[in-house]
A.B. asks: 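Please find one structure pasted underneath; my questions will follow.
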Amino acid sequence: MSLRLYNTLTKKKEEFLPLEPGKVGIYVCGVTAYDLCHIGHARSAVVFDVICRYLKYKGYDVTYVKNFTDVDDKIIAKAIAEGTEISDISERYIREHNEDMDSLGVARPTVAPKATENIKGMIRLIDTLMEKGLAYVVDGDVYYSVEGFKGYGKLSGRGLEDMMAGARIDIDEKKKNPFDFVLWKSSKEGEPWWSSPWGNGRPGWHIECSVMSQRFLGDTFDIHGGGEDLVFPHHENEIAQSEGASGKPFARYWMHNGFIKIDSEKMSKSLGNTMSIKDVLTLYHPEVVRFFILQRHYKSYIDFSDAAMAEARSGMERLYTALKGIKDAIGGDRDLSDLSEKDLSGEDESVFDKLAELKPKFAEAMDDDFNTPRALGYLFDAVRLINGYLPKDAVISRGSLFILNEGRDCIREVGKVLGLLLEEPDDYFGKDRERELKKLGIDVGEVERIIDERQKARGAKNWGRADELRDILAAKGIVLKDTPTSTTWKIG
RNA sequence: GGCGGCAUAGCCAAGUGGCUAAGGCAGCGGUCUGCAAAACCGUUAUUCACCGGUUCGAGUCCGGUUGCCGCCUCCA
């Protein structure tokens, strides 16, 4: 089956044909390490994590490069404000970033290079651009000359004339063209610097990605990704730098993830309404966050809100409840290795056949530009099929056991590609409960005392008192579940 | 001002030319229960912003209208 993906460069869905059969090189623009990561970073990370997981699932040998920008105006400003070195700032936030990504179940990239480790490469690349007449020096600053690169604007779909017509950028006297961008900046007093043929200074923002992608993936590579906001100018400038220098095509497929809004408003640093990953994870299980992200197609924007997250949590609960149901039905240590399709009766066989469709359908959805919402839909279809097969009493046939076991394997396999359903159901619900208790400020001891009292009332068939106590707990958001012998509870 | 995107049930969201318009959440009905809840099962859009066109056939293609949004400035 062939993978098709939407290419920002051609504005079409295209069949994905890697440069080298069986191998994929992918570069994604990482973060600037000067602050905590927010849920927007989480989306980008989860989206490309799932893309890489699926490519590996399809058998590709994936090289995934995601950089850290560790020299930048904002990092410098923060270092000055705190009276420390920029490396202290960047190292701190790289550490925080990695911690957040680990929490979210985002696999580490194959390589995570830092800009400051690649200054020499940047100087070399700028030198090449100088030689080719694509760059010029003004007062120790080096600029890229966009007029010298005829493909400028091909990714963002705007010609230089269009942009001039709607120019909303400051006119800089130093630049030949307002869209020329800086490759190398001379350093001011107190700023970090590296020596270069153009004097002491530091790199511009765009040059690092051209250098690091080339270093680890070559002049031409398969996929370049990032947030949609990076299309212009960042990615446009990368193309200008890389293709201008090498004369070869740069990335062959460009993929851009949509933004996260918060309560229908754009989330951005300038608006100050960002939500950090750490904050989100105190409120929701990481898989709920992933589920929330994957329930929408990666290209469209999604709206973060408490209500939307609560829905995602309900969705995850349905999936884990099914896994728990299977586990309970099968029992702890039962050996299922002797079961086979031979144990299926006629009716079982049709259910089994439907269940077997899960994996091919999942692959079909993912092959269609990573359609995770549709893929999740198939996962829920399989769950419904299995739920209908859970035994009503303690007796369970060999055929049912076989179906439940196979069904669980299918669900888990598909879930794993999405980074979901990786936990044992009891662990998932345990962590979820802990989080909810904290969120609602509920005292477990008190809850259990009230439940005990209610059990006594129930034993005495004092239904009025029992219902009253149940209502008290319900007001706290606690939902009771009575069984013939006991009462369990959860957060509603 | 320039460039681009979106509009599908109460909410979220797939579907981009053709069997009954996925799935989730919420709602409703049922099973269960002392009654509930939870869980499960079932059910919920003759219709895809509006108008016109192409076609044997359109939510899906084309043109127009309206509304919302993004990028053009650091941003994932």
Side-chain angles (χ1 to χ4, degrees), chain A residues 8 11 13 28-32 34-35 37-48 72-74 153 156-159 161-170 179 205 225-234 236 256-261 264-271 274 291-292 295-297 299-303 305 307-308 310-319 321-322 324-325 361 365 368 371-381 383-384 386-390 392 458 461-464 466-467 470-471 473-474 478-484 487-490 492:
Chain A
T8 311
K11 289 161 190 64
K13 228 186 252 184
V28 175
C29 294
V31 299
T32 299
Y34 77 103
D35 203 351
C37 290
H38 53 64
I39 50 174
H41 297 116
R43 183 181 195 188
S44 185
V46 168
V47 161
F48 287 102
D72 161 275
D73 288 350
K74 292 182 292 292
S156 53
R158 35 188 134 191
E161 299 77 18
D162 293 339
M163 291 191 282
M164 289 307 287
R168 241 182 60 187
I169 57 167
D170 297 333
F179 292 94
W205 172 41
E228 63 181 356
D229 57 315
L230 298 180
V231 173
F232 188 88
H234 184 56
E236 198 69 73
H256 293 96
N257 66 275
F259 262 45
I260 284 188
K261 293 189 182 188
S264 306
E265 272 209 315
K266 187 194 164 181
M267 179 180 77
S268 74
K269 294 192 173 152
S270 51
L271 288 174
T274 59
F291 182 89
F292 165 73
Q295 246 194 331
R296 283 81 170 174
H297 187 83
K299 280 208 306 287
S300 45
Y301 78 80
I302 61 183
D303 199 355
S305 66
E311 278 183 20
R313 177 171 171 256
S314 298
M316 277 313 294
E317 202 165 297
R318 180 169 166 83
L319 297 177
T321 301
K324 181 160 172 54
K361 281 187 164 176
D368 184 14
N371 193 328
T372 53
R374 207 159 86 210
L376 284 171
Y378 293 136
L379 195 57
F380 279 100
D381 286 342
V383 162
R384 186 181 316 104
I386 288 167
N387 281 340
Y389 235 73
L390 292 172
K392 306 261 184 307
R458 290 182 73 216
K461 296 206 190 310
N462 182 354
W463 307 124
D467 291 353
R470 182 169 62 197
D471 289 344
L473 290 173
I478 289 171
V479 177
L480 300 184
K481 177 186 178 183
D482 293 332
T483 69
T487 293
T488 59
W489 58 279
K490 59 183 263 182

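All chains are named by letter (A, B, ...) in the order of the sequence lines, taking the proteins before the strands, and each is independently numbered beginning at 1. All figures in this text were calculated on a predicted structure; none of them were measured in a lab. The analysis underlying the following values was restricted to heavy atoms, covering all of them including side chains, and did not include hydrogens, waters or symmetry mates.
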A.B. asks: Taking any heavy-atom pair under 4.0 Å as a contact, classify Asp467(A): base, sugar-phosphate, or nothing.
C.D. replies: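 Touches a base.
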A.B. asks: Reckon Lys261(A) touches a base, only the sugar-phosphate, or nothing at all at heavy-atom distances under 4.0 Å?
C.D. replies: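 Since only primed, P, OP1 and OP2 atoms lie under 4.0 Å of Lys261(A), the category is sugar-phosphate.
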A.B. asks: May I ask which nucleotide in the shown strands pairs with U60(B), Watson-Crick or G-U wobble, both distances under 3.5 Å?
C.D. replies: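 U60(B) is paired with nothing.
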A.B. asks: Looking at every strand, decide which applies to Leu230(A) at a 4.0 Å heavy-atom threshold: base, sugar-phosphate, or nothing.
C.D. replies: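 If one applies the 4.0 Å heavy-atom cut-off, Leu230(A) turns out to touch the sugar-phosphate alone, with no base involved.
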A.B. asks: Could you state the NE2-C1' distance from His38(A) to C75(B), rounded to the nearest angstrom?
C.D. replies: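 Taking NE2 of His38(A) and C1' of C75(B), I get 7 Å after rounding.
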A.B. asks: Take atom P in G17(B) and the same atom in C12(B), then report the distance between them in whole Å.
C.D. replies: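 26 Å, rounded to whole Å.
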A.B. asks: Base, sugar-phosphate, or nothing: which does Asn387(A) touch, judged by heavy atoms less than 4.0 Å apart?
C.D. replies: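 Sugar-phosphate only.
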A.B. asks: Considering only A76(B), G15(B), A36(B), which nucleotide approaches the side chain of Arg470(A) most closely?
C.D. replies: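 In terms of side-chain proximity for Arg470(A), the closest of A76(B), G15(B), A36(B) is A36(B).
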A.B. asks: At under 4.0 Å between heavy atoms, what does Arg318(A) touch on the DNA or RNA strands: base, sugar-phosphate, or nothing?
C.D. replies: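 Since only primed, P, OP1 and OP2 atoms lie under 4.0 Å of Arg318(A), the category is sugar-phosphate.
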A.B. asks: Over 60° means perpendicular and under 30° means parallel, so tell me whether Phe380(A) and Phe291(A) are parallel, tilted or perpendicular.
C.D. replies: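 Ring orientation, 0 to 90° scale: perpendicular.
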A.B. asks: Any stacking of Phe259(A) on A76(B), going by centres under 5.5 angstrom and planes within less than 30 degrees?
C.D. replies: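 Yes, Phe259(A) stacks on the base of A76(B), since the ring centres sit under 5.5 Å apart and the planes are within 30°.
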A.B. asks: Under 4.0 Å between any heavy atoms, over every strand shown, what does Gly325(A) touch: base, sugar-phosphate, or nothing? Just pick one.
C.D. replies: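 The residue Gly325(A) makes no contact with any strand.
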A.B. asks: Please determine whether a side-chain nitrogen of the Lys or Arg among Asp381(A) and Lys361(A) lies less than 4.0 Å from a carboxylate oxygen of the Asp or Glu.
C.D. replies: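 Looking at Lys361(A) together with Asp381(A), the answer is no, because their closest N to O distance does not fall below 4.0 Å.
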A.B. asks: Hey, does His297(A) reach any base, or is it just sugar-phosphate, or nothing, if we go heavy atoms under 4.0 Å?
C.D. replies: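 Sugar-phosphate contact only - His297(A) comes under 4.0 Å of backbone atoms but never of a base.
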A.B. asks: Checking contacts here: which listed nucleotide (C35(B), A39(B), A76(B)) is nearest the side-chain heavy atoms of Asn257(A)?
C.D. replies: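 Minimum distance to the Asn257(A) side chain belongs to A76(B).
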A.B. asks: Could you tell me the Watson-Crick or G-U partner of U31(B), where both distances fall under 3.5 Å? Say none if there is no partner.
C.D. replies: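 Because both required distances fall under 3.5 Å, U31(B) counts as paired with A39(B).
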A.B. asks: Taking only the side-chain nitrogens and oxygens of Arg158(A), find out if one of them lies under 4.0 Å from OP1 or OP2 of G1(B).
C.D. replies: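 Looking at the OP1 and OP2 atoms of G1(B), neither is under 4.0 Å from any side-chain N or O of Arg158(A).
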A.B. asks: Using atom C1' in both nucleotides, what's the gap between U55(B) and G63(B) to the nearest angstrom?
C.D. replies: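 One C1' to the other, the span is 16 Å.
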A.B. asks: Can you figure out which of G34(B), C12(B), A38(B) approaches the side chain of Lys490(A) most closely?
C.D. replies: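 Looking only at heavy atoms from C-beta outward on Lys490(A), the closest nucleotide is A38(B).
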A.B. asks: The side chain of Val479(A) is closest to which nucleotide in this list: A37(B), G23(B), C40(B)?
C.D. replies: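 In terms of side-chain proximity for Val479(A), the closest of A37(B), G23(B), C40(B) is A37(B).
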A.B. asks: Do the side-chain N or O atoms of Ser300(A) get closer than 4.0 angstrom to the phosphate oxygens (OP1, OP2) of A14(B)?
C.D. replies: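 Ser300(A) to A14(B) OP1/OP2: side-chain N or O found under 4.0 Å.
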A.B. asks: His41(A) has a side chain; which of A76(B), G34(B), C71(B) sits nearest to it?
C.D. replies: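 The nucleotide sitting nearest to the side chain is A76(B).
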A.B. asks: Which is true for Gly40(A) with a 4.0 Å heavy-atom rule: it touches a base, it touches only sugar-phosphate, or it touches nothing?
C.D. replies: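 Answer is base: heavy atoms of Gly40(A) come under 4.0 Å of a base.
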A.B. asks: Does Trp205(A) put a side-chain nitrogen or oxygen below 4.0 Å from OP1 or OP2 of C75(B)?
C.D. replies: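 It does, given that an N or O in the side chain of Trp205(A) lies less than 4.0 Å from OP1 or OP2 of C75(B).
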A.B. asks: In whole Å, what is the span from the NZ atom of Lys481(A) to the C1' atom of A39(B)?
C.D. replies: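 Rounding to the nearest Å, NZ of Lys481(A) and C1' of A39(B) are 6 Å apart.
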A.B. asks: For A7(B), which nucleotide in any strand shown is its Watson-Crick or wobble partner with both distances under 3.5 Å?
C.D. replies: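 For A7(B), the partner nucleotide comes out as U66(B), under the 3.5 Å rule.
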A.B. asks: Could you tell me which nucleotide pairs with U47(B) by Watson-Crick or G-U wobble geometry, both distances under 3.5 Å, or answer none if nothing does?
C.D. replies: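 Its partner: none found.
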A.B. asks: Quick one: which of G70(B), G23(B), A76(B) gets closest to the side chain of Gln295(A)?
C.D. replies: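 It is G23(B).
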A.B. asks: Quick one: which of A14(B), C12(B), G34(B) gets closest to the side chain of Trp463(A)?
C.D. replies: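 For the Trp463(A) side chain, the nearest candidate turns out to be G34(B).
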A.B. asks: Lys266(A) has a side chain; which of C25(B), A14(B), C75(B) sits nearest to it?
C.D. replies: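 Nearest to the side-chain atoms of Lys266(A), counting from C-beta on, is C75(B).
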A.B. asks: Could you give the CG-to-P distance, from Asp381(A) to A13(B), as a whole number of Å?
C.D. replies: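 It is 19 Å, rounded to the nearest whole Å.
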A.B. asks: Could you tell me how far apart Lys299(A) (NZ) and C69(B) (P) are, to the nearest whole angstrom?
C.D. replies: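 Those two atoms, NZ and P, are 22 Å apart.
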A.B. asks: Could you tell me whether Arg384(A) contacts a base, only the sugar-phosphate backbone, or nothing, with contacts defined as non-hydrogen atoms closer than 4.0 Å?
C.D. replies: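 Contact class for Arg384(A): sugar-phosphate only.
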